[in-house]
Peer 1: 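Pasting a structure below so you can have a look.
Note that the structure is predicted; figures quoted are calculated from it, not measured.
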Number of protein chains: 2
Amino acid sequence: MSYTIKDVARLADVSIATVSRVLNRSKPVSPEVREKVMKVVDELGYNPNPVARTLIMKESTLIGVLIPDVANTFISMFVRGIEKELIQHGYTTLLCNTNGDTDVELHYLNLLRDKYVDGVILLTSAPKPEQIEFFNKNDVPVIFSSHTDKDGRFSSINIDDYQATYDAAKYLIELGHRSIAFFCGPMDYYQTVRRYDGYKQALADHGITARPEWVFDKDYNLDSGYKSGMELFARVQEDHPTAVCCVSDMIAIGAIRAAEDNGLRVPEDVSVMGFDDIPIAGAYRPKITTVRQPVYELGSGSAQMLLKQIREKGTGSCESRVLPHGIIERESCRALTD
Amino acid sequence: MSYTIKDVARLADVSIATVSRVLNRSKPVSPEVREKVMKVVDELGYNPNPVARTLIMKESTLIGVLIPDVANTFISMFVRGIEKELIQHGYTTLLCNTNGDTDVELHYLNLLRDKYVDGVILLTSAPKPEQIEFFNKNDVPVIFSSHTDKDGRFSSINIDDYQATYDAAKYLIELGHRSIAFFCGPMDYYQTVRRYDGYKQALADHGITARPEWVFDKDYNLDSGYKSGMELFARVQEDHPTAVCCVSDMIAIGAIRAAEDNGLRVPEDVSVMGFDDIPIAGAYRPKITTVRQPVYELGSGSAQMLLKQIREKGTGSCESRVLPHGIIERESCRALTD
DNA sequence: CTGTTAGCGCATTCAC
DNA sequence: GTGAATGCGCTAACAG
């Protein structure tokens, strides 16, 4: 059993209000009394019950983090960035895996609000209607990560998805490729749409018409990349693209394996471009050329922005940060010289 | 602003006590009244404030999960297993990255207790003295994962670390290898010690003397594996081991890269054995032969055991589960034929 | 500056 | 069966 504020008050021979005051510096207290109280606090190793505090203050030093799936390296690194930043400011991370499911997200959002979380970080691509409604009526600080909000209704932090994919495709094109497949995520993710747009625009800007049968929208994981690759390389054995542009490194690895299983060498026969730059990208064989996302900065940046928003609560100011991406040239893409 | 129990009571024209009773089924309530109350509850979409509830009940439907680092694939998969199981039972996951630091762990433990978490899952190898003291005086249900407790003081779930490494080394030996390096984690982890013991014993049982200069105790990540590999292969260019036994797949990948950077081919010149069997192990080139851990089962199993313990609180029963491991033969190890 | 009191939202004892 | 009153541990008026 822990001590309560009453124990401290009794032992220090003051009222509980005074104890509360010295602990929260909410009202001036005479040095002598403060000294006396602190002494008892230290001796007892007393610390205020955060639950009771939450009940009154409607603050919990808890931050909800909604993500599709921790068991995805990019995401777990992102979470790491968040957590590291939060803990330094005395906040604790409430982790919620949503699988990208809107109902699950909404369920968690309600749960988190009921637990009086001080804020929420959402990795869910675009704000969905249900979420907009939720945040409109609930007024809990939120950062949308991996999303850039044009409308400025919500704060967000992200790279420029459109530009990043544009750059990736352009890189491939400048290497001489003209038939480029696209392995992306589910098309109902706004992020996917943005990236797809970037890819298409890069092709268009170079006079290349995109071939719909060469875009595969599955998941972000290795398996999806492999499956897409098997479909692509199996069905167009003689007429396959010379490059594939992927929206995650794990997809790229799956694609490479699929190519190899179809007798194609990477990068000799087909170039494969990754995305994210997770640690394995630089250690795979071939080392994967990829679009780097500053994942830790994205994570810690989300946390910082959220904390700032919590501090400035009420002003309702919105901020939108776009972090730089970059092409990391390695071995999985080669120049076409014919 | 959400509704409170008072709103429901007023609208249903009953006392708050009655509302509480129908919601918690704690005392019999007449069918008519129950009906009446439930109608209002549904209309309002009322749900009880979990914080107020926690303050009284000393229960939070929160589970603390202490891990060294989410940004490690094995661990994030483990967390995924936990979270999936917990959410099905209405619990939420409080994630804490400790870096394996004892002070941080203890800090979190206190924080979690103050938040009235219903239980804790610890991924910290052996119970440390500070932790034993904590759980002795605090009586919060706990599961030690990645640890098997001989003394039966705490519940635990794990594979047999000793046997798993023994099997890995034995596998290498039976392939004809007699000079086998060992890339392990920090020696102050009990898990490392157990695994090291298994490795040594396997060698000993086959008449091989372990060479201390061939064991490298760093971290579980790719970088550590690479560094260990560079040290090993650089300094013993002519006298290098024919195999290296690693305690994680990421270490194995690092080791492979280091070997290759020193002009050694895997598995032709040196065999490398992984551990964990994370997704990349089967997709790397060469595909990594490894010791499989049933990571999701470890995660969901931890959660199940903890939930059971919470249900049976007071009986103070301890349970120790050991899940099976297995050798997954792939391409990174070859038989020595000379 | 300090103490007394009310109340956050709920579960629960005690009367009826 | 049901309602009134008490208190979980704390903060924030309100007095003095």
Peer 1: I'd like to compare against my own output: the B/S/- annotation of nucleotides 10-16 of chain C with a strict under-4.0 Å heavy-atom distance to protein.
Peer 2: BBBB---
Peer 1: Angle between the end axes of the helix from C:dC1-D:dG16 to C:dC16-D:dG1, five pairs per end, to the nearest 10 degrees?
Peer 2: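 The end axes of the helix from C:dC1-D:dG16 to C:dC16-D:dG1 are about 50° apart, to the nearest 10°.
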Peer 1: In this structure, how many angstroms lie between the C1' atom of C:dG7 and the NZ atom of A:Lys58, rounded?
Peer 2: 10 Å
Peer 1: For B:Thr73 and B:Ser76, test the side chains for any donor-to-acceptor distance below 3.5 angstrom and give the result as yes or no.
Peer 2: no
Peer 1: Evaluate A:Leu23 against A:Met38 for side chain to side chain contact (heavy atoms under 4.5 Å, CB included), listing each step before the verdict.
Peer 2: CA-CA 8 Å; A:Leu23 258 23; A:Met38 284 313 290; 4.1 Å; yes
Peer 1: For D:dT2, does OP1 or OP2 lie under 4.0 Å from any side-chain N or O of B:Ser30?
Peer 2: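 So the side-chain polar atoms of B:Ser30 do come within 4.0 Å of the phosphate oxygens OP1 or OP2 of D:dT2, strictly under.
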Peer 1: Would you mind telling me which of D:dG9, D:dG3, C:dC1 lies closest to the side-chain atoms of B:Val14?
Peer 2: D:dG3
Peer 1: With a 3.5 Å cut-off and no angle check, do the side chains of A:Tyr116 and B:Asn49 form a donor-acceptor pair?
Peer 2: yes
Peer 1: Using distance alone, with no hydrogens and no angle criterion, decide if B:Tyr220 and B:Gln191 have a side-chain donor and acceptor under 3.5 Å apart.
Peer 2: yes
Peer 1: Are B:Asn47 and A:Asp114 close enough that a side-chain donor and a side-chain acceptor fall under 3.5 Å?
Peer 2: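 Yes, because at least one side-chain N or O of B:Asn47 sits under 3.5 Å from a partner of the opposite role on A:Asp114.
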Peer 1: Is a side-chain donor-acceptor pair under 3.5 Å present for A:Arg80 with B:Asn72?
Peer 2: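 Side-chain D/A pair, B:Asn72 to A:Arg80: absent.
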Peer 1: Can the ring centres of B:Phe144 and B:Phe154 be said to be less than 6.0 Å apart?
Peer 2: yes
Peer 1: What's the NZ-C1' distance between B:Lys115 and D:dC10, to the nearest Å?
Peer 2: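 Rounded to the whole Å, the gap is 14 Å.
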Peer 1: Please tell me whether A:Ser156 and A:Ser320 have a donor and an acceptor in their side chains that are separated by less than 3.5 angstrom.
Peer 2: yes
Peer 1: CG of B:Asp7 versus P of C:dG9: gap in Å, rounded?
Peer 2: 9 Å
